[in-house]
Undergrad: 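Dropping a structure here in structure tokens format, bear with me for questions.
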Number of protein chains: 2
Amino acid sequence: MENTIGKILKEARELRRLSLREVEIQSGVSNAYLSQLENDKIKKPSANTLYKLSELFNINFDDLMVAAGIVEKKKDSSKTEGHFAFSSENLTGDEEKRLIEYLKFLRYQQKDDK
Amino acid sequence: MENTIGKILKEARELRRLSLREVEIQSGVSNAYLSQLENDKIKKPSANTLYKLSELFNINFDDLMVAAGIVEKKKDSSKTEGHFAFSSENLTGDEEKRLIEYLKFLRYQQKDDK
DNA sequence: TGCAATTGCTTGATAAAATAAGCGTTTGCT
DNA sequence: AGCAAACGCTTATTTTATCAAGCAATTGCA
């Protein structure tokens, strides 16, 4: 359903298999606060904090704010429901290649199912 | 010399010949706080507040943050050869799920390669 | 199996953001 | 001139973000 800042941050962290304390070390944001953020207990985090995390996770800052509902989406591009993991800036070149291959594979399968 | 949030916001407001109270009405941020912001008495404003103002003044949010020294200048935007394949509108929900799982797997492997 | 480290999380304290109220000054109107 | 409204700003207060400490549960290893 609704994308929240918590979901996005948690997903980004788990995707990288980092613990809250590892993120604390790398970002300077305390693990206690990170937990609160991930559980959507913080309503208006500072731009600084949000930026640190977007930088660490390599996700676009604007996108993070939009998806988190902090701001209404700017342009039309009428889909907010997107998943972050794949905004291409999140992926290394190699990962991208492999994912595309895998996607081809998935679609190839699907075709046979019909 | 130094660009500060205060200077930027004040300049933007005066350019439009708005009073603090007019900005308050249009943005929802109190005039008292606006004054503090313009005089650089606030160190870490929330993303929400900053965004409201950037929107009202129609200035780029990232630029505001950079100029305000909240973030360091973002480097190469050369990554913007964005890949279509993964922009979420191209994926079914199921595909997205599977791809995330696969990505987790990829990164899990990678981590063990230390 | 058992101890130690690590996990995510809650809670209490503190610092800071954000507001409401009010100040003295300036502007505009009759 | 004189009143009223609007101005930017300061201060007091409320609200919120953020952190340090510590919890129970899980994991890793001898």
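In what follows, chains carry the letters A, B, and so on, assigned in the order in which the sequence lines appear, proteins first and then strands, with residues in each chain numbered from 1. For clarity, every value in this text was computed on a predicted model and none was experimentally measured.
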Undergrad: Of all the nucleotides listed (C:dA17, D:dC19, D:dC9), which has the minimum atom distance to the side chain of A:Gln36?
TA: D:dC19
Undergrad: Look at the side chain of A:Leu20 and decide which nucleotide, out of C:dC9, D:dC19, D:dC9, has an atom nearest to it.
TA: C:dC9
Undergrad: List the atom of A:Glu22, the atom of A:Ser19, and the distance in Å for their closest heavy-atom pair.
TA: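 Distance-wise, the nearest heavy atoms are OE1-N, 2.7 Å.
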Undergrad: Should A:Leu9 and A:Leu53 count as side-chain neighbours, where that means a heavy-atom distance under 4.5 Å?
TA: yes
Undergrad: Picking from D:dC9, C:dC9, C:dT19, which would you name as closest to the side chain of B:Asn31?
TA: D:dC9
Undergrad: Between C:dC9, D:dT10, D:dC19, which one does the side chain of A:Lys10 approach most closely?
TA: C:dC9
Undergrad: Locate the shortest heavy-atom distance separating A:Ala47 from B:Leu50; write the atom from each residue and the value.
TA: CB-CD2, 4.1 Å
Undergrad: From the set C:dT19, D:dC19, C:dG8, return the single nucleotide nearest to any side-chain atom of A:Ala32.
TA: D:dC19
Undergrad: Please check if the side chain of B:Glu24 supplies one atom and the backbone of B:Asn31 the other of a donor-acceptor pair under 3.5 Å.
TA: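 Yes, B:Glu24 side chain to B:Asn31 backbone: donor-acceptor pair under 3.5 Å.
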Undergrad: Would you mind telling me which of D:dC19, D:dT16, C:dG8 lies closest to the side-chain atoms of A:Lys43?
TA: D:dT16
Undergrad: Can a side chain N or O of A:Ser19 be found less than 4.0 Å away from OP1 or OP2 on C:dT7?
TA: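 Checking C:dT7 against A:Ser19, a side-chain N or O does come within under 4.0 Å of OP1 or OP2.
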Undergrad: Could you check which of C:dT19, D:dC9, C:dC9 has an atom nearest any side-chain atom of B:Val29?
TA: C:dT19
